[in-house]
Amino acid sequence: MGVPRFRRAKAGDGELSPNLYVANCGPAVGLSFEAIKSAFESFGNVRGVFAADESGVRVIVSFVEENCAEAAFKALNGRPCPLLGGRSLHIRYSVHQPPTSQVNNSVPVSLEASELDIPGLYLLHDFVSTKEEEELLAAVDNRPWKGLSKRRVQHYGYEFCYDTRNVDTRQCLGELPSFVSSIVGRILSFPDLNDSASLVLDQLTVNEYPRGVGLSPHIDTHSAFEGLICSLSLAGPCIMEFRRYSEGAMLPDATSSTDMKVENPDNCSSVIRRAVYLPPRSMLLLSGEARYAWHHYIPHHKIDMVNDSAIKRGSRRVSFTFRKVRVGPCRCEFPQYCDSQR
Ligand SMILES: O=C(O)CCC(=O)C(=O)O
Ligand SMILES: [Fe+2]
């Protein structure tokens with residue numbers, strides 16, 4: 001069945017809902033789902049607490065009764081909650097989205113990045129051979145994985161912290177491993193990347209996604225990484241969607257009233273969406289506008305529709321994402337998406 005999905009309540013949904021979207025609250029700030037459930041249960045029976053997105057600081061609290069949600073909303077919205085460490089909660093009503101309205105929410109999928117017309121986006125097919133792919137997979141499968149809620153990761157160079165979406169630059173884990181040296185060299189020889197300062201790639205995140213698992217829409221934190229992000233797809237395919245929000249204010253950790261639009265593009269009139277198919281062994285390069293101003297997103301699908309073909313995801317997809325850790329603030333041309341220029 002999977003985790004239920006929710007969208008922001010809008011006119012026509014009725015005034016009340018048993019579901020509350022609660023920001024500034026979640027495992028990333030030390031509040032477990034159990035602790036949140038028990039705090040909200042002082043207002044009535046809670047059916048469940050779910051992550052609203054991957055941030056760890058936004059949850060959906062789903063009550064059995066609407067009037068209990070209303071009581072909790074009135075008592076807690078915008079006020080410090082003593083049962084939750086005195087945190088000030090930001091609450092809105094949220095509506096359960098039944099599975100039937102989740103279909104046909106897709107955009108046409110291109111096979112070539114150039115068709116997306118996103119400056120700074122490149123997709124290089126067959127960037128590694130099948131033999132290299134096997135060797136890279138064997139190398140990471142021989143090393144310890146760290147389990148996240150839905151996928152496994154490995155970090156090299158610097159650890160990436162999912163709660164802050166940043167790296168701890170004081171804690172270097174060492175050089176990138178020798179099994180990726182030839183890949184890094186090949187990236188550096190790609191001619192269209194003219195910003196040579198960003199080409200000393202020193203951080204690698206390896207992600208292993210089981211079939212059907214994706215990644216929430218995000219822009220990699222500007223202050224954490226420089227202007228080039230390179231992602232090598234191995235083992236299985238997926239599609240990647242890109243979203244450009246015209247109003248800005250879409251910082252990855254924003255708790256503003258716009259942040260639910262990321263999860264619910266149907267509610268958002270000001271988003272441009274494009275998608276590309278990432279086959280195994282392809283390298284995706286994000287630079288410039290593609291890196292700084294477009295959210296990227298891997299839908300949680302087991303089957304992707306690419307033109308008229310249904311393409312089944314493999315039993316897993318493993319990606320190697322190479323980045324350069326930034327020292328000093330970001331000075332990009334997209335301040336509306338930039339945590340350094342807020
Ligand atoms: O799996 C991928 O290709 C993308 C990973 C990604 O976007 C990230 O780690 O920030
Ligand atoms: Fe990313």
Side-chain angles (χ1 to χ4, degrees), residues 53-56 109 113 116 118 120-125 127-128 133 136-137 140 145-146 148-167 176 180 183 187 201-244 250-253 262 275-301 304 313-314 316-326 330 337-339:
D53 53 38
E54 280 204 349
S55 66
V109 178
L116 270 59
I118 299 179
L121 182 74
Y122 304 92
L123 178 64
L124 313 174
H125 290 101
F127 193 80
V128 294
E133 177 182 36
L136 289 166
L137 292 171
V140 288
W145 290 95
K146 183 174 162 190
L148 302 182
S149 67
K150 293 194 187 143
R151 60 184 204 277
R152 300 194 297 175
V153 294
Q154 293 180 17
H155 295 132
Y156 297 92
Y158 293 88
E159 185 87 18
F160 182 75
C161 309
Y162 291 90
D163 48 355
T164 57
R165 302 196 56 81
N166 213 316
V167 282
L176 293 192
V180 294
I183 311 300
I187 295 170
L201 300 167
D202 56 6
Q203 200 274 338
L204 165 63
T205 298
V206 182
N207 277 291
E208 181 200 53
Y209 304 84
R211 195 160 121 79
V213 171
L215 195 62
S216 295
H218 67 280
I219 297 178
D220 289 32
T221 311
H222 287 202
S223 63
F225 301 110
E226 294 272 356
L228 173 67
I229 294 172
C230 319
S231 195
L232 179 65
S233 293
L234 300 175
C238 72
I239 59 171
M240 187 171 276
E241 187 178 311
F242 294 87
R243 296 179 178 175
R244 176 87 200 249
M250 291 305 306
L251 292 162
D253 59 348
V262 179
V276 69
Y277 175 65
L278 303 181
R281 297 179 295 286
S282 65
M283 173 67 86
L284 184 79
L285 302 179
L286 303 180
S287 63
E289 183 180 321
R291 181 266 180 270
Y292 286 125
W294 289 73
H295 284 71
H296 50 281
Y297 163 49
I298 301 175
H300 305 263
H301 293 166
D304 293 311
R313 295 249 177 112
R316 66 170 179 165
R317 171 176 175 266
V318 177
S319 67
F320 283 49
T321 303
F322 298 89
R323 302 178 274 210
K324 174 172 171 17
V325 168
R326 189 185 288 281
C330 176
Y337 304 104
C338 183
D339 61 312

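Whatever order the structure lists ligands and atoms in, that order sets their numbers, starting from 1. Since this is a predicted model, take the numbers as computed values, not measurements.
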Participant: Nearest 0.5 Å, what's the CG-CD1 distance between Asn207 and Ile298?
Facilitator: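 The distance works out to 7.5 Å.
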Participant: Output the list of atoms in ligand 1 that are nearer than 4.0 Å to some heavy atom of Ser231, sorted by atom number.
Facilitator: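 Within the 4.0 Å cut-off of Ser231, ligand 1 contributes 2 (C), 3 (O), 4 (C).
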Participant: Check ligand 1 against Arg317 and write out every atom of the ligand that is under 4.0 Å from a heavy-atom position of the residue.
Facilitator: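 The atoms of ligand 1 under 4.0 Å from a heavy atom of Arg317 are 1 (O), 2 (C), 3 (O).
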Participant: Provide, to 0.1 Å, the distance between atom 10 (O) of ligand 1 and the closest protein heavy atom, together with that atom's residue and name.
Facilitator: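 Going atom by atom, the protein heavy atom closest to atom 10 (O) of ligand 1 ends up being His218 NE2, 3.1 Å.
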Participant: Just checking, is any N or O donor in the side chain of Tyr337 or Arg244 under 3.5 Å from an acceptor N or O on the other one?
Facilitator: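 Short answer, yes.
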Participant: Return the minimal non-hydrogen interatomic distance between Arg317 and Gly236, and the atom names on each side.
Facilitator: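 Answer, listing the atom of Arg317 first, then Gly236: CG-O, 3.4 Å.
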Participant: Which atoms form the tightest heavy-atom contact between Cys238 and Tyr277, and what is the distance?
Facilitator: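 Minimum heavy-atom separation between Cys238 and Tyr277: O-CD1, 3.6 Å.
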Participant: With heavy-atom distances below 4.0 Å as the criterion, list the atoms of ligand 1 near Ser319.
Facilitator: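 Close to Ser319: 1 (O), 2 (C), 3 (O).
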Participant: Take every heavy atom of Leu284, measure it against each atom of ligand 1, and state whether any distance is under 4.0 Å.
Facilitator: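 In this structure, Leu284 fails to qualify as a contact of ligand 1 - no heavy atom is under 4.0 Å.
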Participant: Going by an N to O cut-off under 4.0 Å, is there a salt bridge joining Glu241 and Arg243?
Facilitator: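 Counted as a salt bridge, because a side-chain N and a carboxylate O are separated by less than 4.0 Å.
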Participant: Counting only protein atoms, how many N/O/S atoms are less than 2.8 Å away from the Fe ion (ligand 2)?
Facilitator: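 Step by step: take the Fe ion (ligand 2), keep protein N, O, S below 2.8 Å, and you get 3.
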Participant: Determine, using ring centers only, whether His218 and His295 are less than 6.0 Å apart.
Facilitator: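 No, ring centres 6.0 Å or more apart.
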Participant: A side-chain contact here means heavy atoms from C-beta on lying under 4.5 Å apart; do Trp294 and Leu121 qualify?
Facilitator: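 Side chain of Trp294 against side chain of Leu121, heavy atoms only: no contact under 4.5 Å found.
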Participant: Quick check: do Leu204 and Thr321 have side-chain heavy atoms less than 4.5 Å from each other?
Facilitator: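 No - every pair of side-chain heavy atoms lies 4.5 Å or more apart.
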Participant: Tell me which part of Leu278 gets within contact of ligand 1: side chain, backbone, both or neither, using heavy atoms under 4.0 Å.
Facilitator: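 None of Leu278 does.
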Participant: Which heavy atom of the protein is the closest neighbour of atom 7 (O) of ligand 1, given with residue, atom name and distance?
Facilitator: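 Atom 7 (O) of ligand 1 sits closest to the protein heavy atom His296 NE2, 2.9 Å.
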Participant: May I ask you to list the atoms of ligand 1 that are less than 4.0 angstrom from any heavy atom of Arg323?
Facilitator: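 Listed by number with element, the hits are 8 (C), 9 (O), 10 (O).
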Participant: For the pair Arg313 and Asp304, find out whether any cationic side-chain nitrogen is under 4.0 Å from an anionic carboxylate oxygen.
Facilitator: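 Asp304 and Arg313: salt-bridged.
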Participant: Would Thr205 count as a polar contact of ligand 1, with the cut-off being nitrogen or oxygen pairs under 3.5 Å?
Facilitator: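 No.
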Participant: Tell me the closest heavy-atom pair linking Tyr122 and Ser287, and the distance in Å.
Facilitator: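 Closest heavy-atom pair between Tyr122 and Ser287: CE1-OG, 3.9 Å.
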Participant: At a 4.0 Å threshold, what atoms of ligand 1 neighbour a non-hydrogen atom of Asp220?
Facilitator: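 Counting from 1, the qualifying ligand atoms are 10 (O).
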Participant: Starting from atom 9 (O) of ligand 1, locate the nearest protein heavy atom and write down its residue, its atom name and how far away it is, to 0.1 Å.
Facilitator: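 Checked against all protein heavy atoms, atom 9 (O) of ligand 1 sits closest to Asn207 ND2, 3.6 Å.
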Participant: Please work out, at 4.0 Å between heavy atoms, whether the side chain, the backbone, both, or neither of Arg165 comes within that distance of ligand 1.
Facilitator: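 Neither; no heavy atom under 4.0 Å.
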Participant: Tell me whether ligand 1 is touched by Thr321 - counting only heavy atoms on the residue side and a distance under 4.0 Å.
Facilitator: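 So Thr321 counts as touching ligand 1.
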Participant: Does Arg323 qualify as a cation-pi partner of Phe225, given the criterion of NZ or CZ under 6.0 Å from the six-membered ring centre and within 45 degrees of its axis?
Facilitator: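 Ring-cation test returns yes.
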Participant: Relative to the heavy atoms of Leu215, which atoms of ligand 1 are at a distance of less than 4.0 Å?
Facilitator: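 Close to Leu215: 5 (C), 6 (C), 7 (O).
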Participant: Would you check if there is a donor-acceptor pair between the side chains of Asp339 and Ser223 at a distance under 3.5 Å?
Facilitator: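 Note: Ser223 and Asp339 side chains meet the donor-acceptor criterion.
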Participant: Salt bridge or not between Lys150 and Glu208? Use side-chain N to carboxylate O under 4.0 Å.
Facilitator: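 Not counted as a salt bridge, because no side-chain N and carboxylate O are separated by less than 4.0 Å.
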Participant: Looking at ligand 1, is there an atom of it that comes within less than 4.0 Å of some heavy atom belonging to Tyr209?
Facilitator: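 Heavy atoms of Tyr209 do come under 4.0 Å of ligand 1.
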